[in-house]
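We name chains A, B, ... by the order of the sequence lines, and we start the count at 1 in each one.
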Amino acid sequence: MTIDEQLEYLRKGCAEIISEKELRSRLEECARKRRPLRVKAGFDPTAPDLHLGHTVLLRKMKHFQDLGHTAVFLIGDVTGLIGDPSGRNTTRPPMTREQILENAETYKKQVFKILDPDRTEIRFNSEWLLELGTLGMIELCSQTTIAQLLEREDFTQRYRQGKPISLHEFLYPLTQAQDSVALKADVELGGTDQKFNLLLGREFQATHGQPRQIVATVPILEGLDGTQKMSKSLGNYIGVDEPPEVMYRKVMQASDELMFRYYELLTDLSLREIAKLKQGAADGSQHPMDLKHDLAARIVTDFHGREGASKGGDAFRRVVQDKQVPDSMPEMSLPVEMRGASVIRLDKLLRAAGLASSGAEANRKLRENSVSVNGAKHRDMSYEVPEGVSELVLKLGKRWARVRLPS
RNA sequence: GGACGGGUGGCCGAGCGGUCAAAGGCAACAGACUGUAAAUCUGUCGGGCUACGCCCUACGAAGGUUCGAAUCCUUCCCCGUCCA
């Protein structure tokens, strides 16, 4: 590939590259010296469950790997070792070495669904940050100013609104910048919300006499609600480890608008191809639902292969569109304390089956006429089991459970 | 160290002695509608109890005043602003 083609390839799906000119000359330089670029991205050790939001970044890293460069997957374990107090409502207990390594293993398993293991270096920032010591830490702090840190938008905002900012949050960009120095990163990738931290890395590298890393930001992926960023705690995520049926269904739940966003950030289709699809949906020549099926199939294929995609698609058509009973659902036996009675308390059973978080909730749902038993809506909390029935198939909203009755 | 303001349900935010399981909004869940969605409309939204009623736990924490406290008092913890 020519340098121009490489640039083109790397640019797709990036929000911003600082700067393209530097990236070009760095690519040229590396081609000359036959040295791969070191492309860094940092991850939090406390949340080892990756979702599609993370994969936007990972896909970009993969693109660098495709061109022969090295991905440096940095696990920010120092925060984990301290017991990060951010969030404030609950102080998280410090994680042990073992837990962190365990999380790292989980990461690997998930990350290598996208990244090429042979071109990936996994590192922990405790390697160098713990060695800094107090003097090193103070020295680190002397490299920037409060005014500069306050330039970061979320800090400014919080400061203006009188919301607390703990000191360690100020330290975080510093350590991240120091990571770039320690790793001699050529490129650092991050979400657009990371821009400030990434840029600080450039400055720190410069004061250490290193060439400044190129910063590439990727857009933050919106979650299934279409507005907030995808995150596990908001519940609007699609996890990379989720079973194909679930993944497929979740993609189908995205709004039409969001669908094109996902096309852009989660598939390898070119912008031109995506524009064509959009046009098709607008003029009616393409049904949006078909496009969404196609998207779901593409995404599921990335993580579960073609087989997973067709499995997910079949399940979706059967269960959601045709309202059939899914062929797999959580199963359980009738709880011991409920056996022997001729009448079953549905509210208690729904809770036991995990379809409702409490008896009160189950009861509400019953009254809302949201519960069906063996295909028929039922709104009374007591249920008389008909003759010859050996199992109860419960449905509450999208969720199902099968309860085997003692014979 | 001092002065002042504040801590309410997942979040925001009213309430400032009873009628408060706590207005309103957001989020969430469910139902209708649909293309699966989105939008819209409707219902629900602490927990327990065979229950349209009773009980328990909740308004930073612990005590107290009162027939009665999210609301008043005391102490403590936490956050913010300003002054040192």
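Partner assigned to B:C29 is B:G43, using Watson-Crick or G-U wobble distances below 3.5 angstrom. A 3.5 Å limit on both hydrogen-bonding distances identifies B:A3 as the Watson-Crick or G-U partner of B:U81. Across all strands shown, B:G17 remains unpaired; no Watson-Crick or G-U wobble contact has both distances below 3.5 Å. With both pairing distances under 3.5 Å, B:G24 is matched to B:C12 as a Watson-Crick or G-U wobble pair.
Residue side chain A:Asp290 does not reach the base of B:G35 through any donor-acceptor N/O pair under 3.5 Å, judged by distance alone. Residue-to-nucleotide contacts include a donor-acceptor pair under 3.5 Å from the side chain of A:Lys365 to the base of B:C29. One cannot find a donor-acceptor pair under 3.5 Å joining the base of B:G31 and the side-chain atoms of A:Glu368.
Of the listed nucleotides (B:A38, B:A51, B:C79), B:C79 has the atom at the smallest distance from the side chain of A:Pro164. In this structure, of B:U81, B:G47, B:A51, it is B:A51 that holds the atom nearest to the side chain of A:Asn363. The side chain of A:Gln321 lies closest to B:G35 when the candidates are B:G80, B:C49, B:G35. Here the nucleotide nearest the side chain of A:His287, chosen from B:C29, B:U81, B:G35, is B:G35.
Nucleotides B:U57 and B:G48 place their P atoms 15 Å apart, quoted to the nearest Å. Taking the C1' atom of each, B:G17 and B:C26 are spaced 31 Å apart, rounded to whole Å.
As a whole-Å value, the separation of A:Ile165 CD1 from B:C78 C1' is 17 Å.
Using a 4.0 Å cut-off between charged side-chain N and carboxylate O, A:Glu20 and A:Arg11 make a salt bridge.
Here the rule is side chain to side chain donor-acceptor pair (under 3.5 Å) with A:Thr120, and of A:Lys62, A:Gln65, A:Lys108 only A:Gln65 fits it.
Here A:Arg379 does not reach the OP1 or OP2 of B:G31: none of its side-chain N or O atoms lies under 4.0 Å away. Listed pair A:Lys348 / B:C49 meets the phosphate criterion, a side-chain N or O lying under 4.0 Å from OP1 or OP2.
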* To do: Using the salt bridge (Lys or Arg N to Asp or Glu O under 4.0 Å) rule, take A:Glu331 and A:Arg404 through it: C-alpha gap first, then chi angles, then the decisive distance, then the call.
  => CA-CA 8 Å; A:Glu331 292 193 26; A:Arg404 286 182 303 271; 2.8 Å; yes
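If A:Ser382 and A:Lys323 are placed on RNA chain B by their nearest nucleotide, the residue sitting closer to the 5' end is A:Lys323.
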